[in-house]
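If you scroll down you'll find the structure; I have some questions about it.
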Amino acid sequence: MKNKVLVTREVFDETLDYLSQHFEVTSNQANARYTVDDLVARLQAADAAVISTSERIDEALLSRVPNLRAVCSASVGYNHIDLEACTRHGVMATNTPGVLTESVADMSICITLATLRRLGEGERMLRAGRWQGTHLKELLGYDLNHATVGIAGFGRIGQAIAKRLRGFDTTTLYTSRNRADAAAEQAAKARYVSKDELLRESDVIILILPYTPETHYFIGRAELDKMKPSAVLINMARGGIVDDTALAEALKARRIWAAGLDVYENEPRVNPALMELDNVVLSPHIASATGTTRRAMTMTAARNCVAALTTGNPPNLLNPEVKGRTKPA
Ligand code: DGY
């Protein structure tokens with residue numbers, strides 16, 4: 001009998017074709033929003049699931065789905081999966097590192113420029129019929145070229161952002177839990193600094209660090225107070241890394257100049273105080289959203305799923321401690 005796999009969000013035909021060669025597949029091609037109970041009911045009938053960042057895999061859910069053997073997320077971030085709970089329940093968890101690095105780095109530069117150059121504000125003005133021709137003092141922004149840019153988080157994506165910044169002749173600083181090796185610093189032309197120095201010296205701060213209990217509110221009131229009044233904050237990482245309420249207050253009071261956000265606390269809801277502000281560019285968590293990259297992400301998740309159920313050894317296993325505890329096929 002074939003193993004059963006649930007795909008929780010709409011995916012590409014080739015991903016479904018590939019999974020269907022190995023498994024009996026049920027896919028949410030209509031993109032219905034599952035409640036926790038809906039998800040549990042479907043997972044109770046599944047050996048594995050290909051999921052997105054919208055599905056929370058935690059102790060409460062895992063204790064209700066005893067047959068589940070693997071959760072394969074089409075994302076590099078995995079803060080929506082409780083790895084310790086997965087290990088306790090003998091569930092392999094995987095992600096998709098590497099395949100989205102370049103697209104997320106591109107989008108980080110895109111949102112940075114859109115924020116510095118007030119693109120959203122200009123478009124809103126134009127669409128509302130308020131544009132009256134060139135006005136030499138209207139919609140003045142800041143340059144990215146020759147700015148000091150601080151990157152918080154210097155993994156694959158942070159380093160790819162730094163490489164792109166070389167083309168803008170920026171002074172690039174970075175901070176991270178572990179300092180990168182000299183070759184990586186040299187390739188990115190980036191200088192390691194403390195978090196405090198990064199906050200005080202940067203014209204633009206780009207957040208691209210993983211969300212963990214230690215990075216919860218990495219940027220809160222105290223950090224916002226340390227930034228330059230002309231500073232721009234870009235969050236490409238995860239909601240919860242920034243205190244969105246404190247950010248909205250700082251933007252409103254012009255304690256910092258502007259922000260660009262791709263991620264939010266409590267997605268898909270966005271703090272209403274942010275929605276009212278003109279000096280924030282808001283995008284709906286689309287940093288990896290190119291056709292090529294999303295195809296690569298879903299195929300990587302599918303390959304992890306096939307390997308998990310057939311060999312018990314998926315390439316992007318996040319909880320290797322689970323080995324020896326996995327459930328029999
Ligand atoms: C990731 O892969 O973690 C991204 O945030 C999803 O787009």
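Everything numeric here is computed off the predicted structure, so don't read it as measured data. Numbering of ligands and ligand atoms starts at 1, following listing order. Note that the numbering runs from 1 along the sequence shown for the chain.
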When you compare the side chains of T8 and N28, does any donor N or O come within less than 3.5 Å of an acceptor on the partner?
no

If we count only N and O atoms by modelled type, under 3.5 Å, do the side chains of Q159 and Y174 hold a donor and an acceptor together?
no

Does only the side chain of R294 get under 4.0 Å from ligand 1, or the backbone, or both, or neither? Count heavy atoms.
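Side chain only.
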
Among all protein non-hydrogen atoms, which one is nearest to atom 7 (O) of ligand 1, and what is the separation to 0.1 Å?
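Result: S288 OG, 2.9 Å.
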
Close side-chain approach of M107 to I286, heavy-atom, < 4.5 Å:
yes

Quick one: does ligand 1 sit under 4.0 Å from the side chain of T96, the backbone, both or neither, non-hydrogen atoms only?
neither

Just to confirm my output: which protein heavy-atom neighbour is closest to atom 6 (C) of ligand 1, and how far is it?
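Checked against all protein heavy atoms, atom 6 (C) of ligand 1 sits closest to H285 NE2, 3.6 Å.
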
Given R238, M297, M107, identify the one with the heavy atom nearest to atom 3 (O) of ligand 1.
R238

Please confirm whether M236 comes under 4.0 Å of ligand 1, counting heavy atoms of the residue only.
no

Enumerated ligand 1 atoms positioned under 4.0 Å from heavy atoms of L100
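Near L100, meaning under 4.0 Å from one of its heavy atoms, ligand 1 has 2 (O).
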
Side-chain H-bond candidate by donor/acceptor type, H80 with S73, under 3.5 Å
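Short answer, yes.
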
Going by atom types only, do T26 and R42 share a side-chain donor-acceptor pair under 3.5 Å?
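R42 and T26 do not have a side-chain donor-acceptor pair below 3.5 Å.
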
Does an N or O from S75, backbone or side chain, lie closer than 3.5 Å to an N or O of ligand 1?
no

Around atom 2 (O) of ligand 1, find the nearest protein heavy atom and jot down its residue, atom name and distance.
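Going by distance alone, atom 2 (O) of ligand 1 is nearest to V76 N, 2.7 Å.
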
Numbered atoms of ligand 1 (with element) below 4.0 Å of G77, judged on heavy atoms
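Counting atoms of ligand 1 from 1, those under 4.0 Å from G77 are 1 (C), 2 (O), 3 (O).
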
If you measure only the distance, is there a donor-acceptor pair under 3.5 Å linking the side chains of K252 and N279?
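Note: K252 and N279 side chains miss the donor-acceptor criterion.
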
Pair T245-N271, side-chain donor/acceptor within less than 3.5 Å
yes

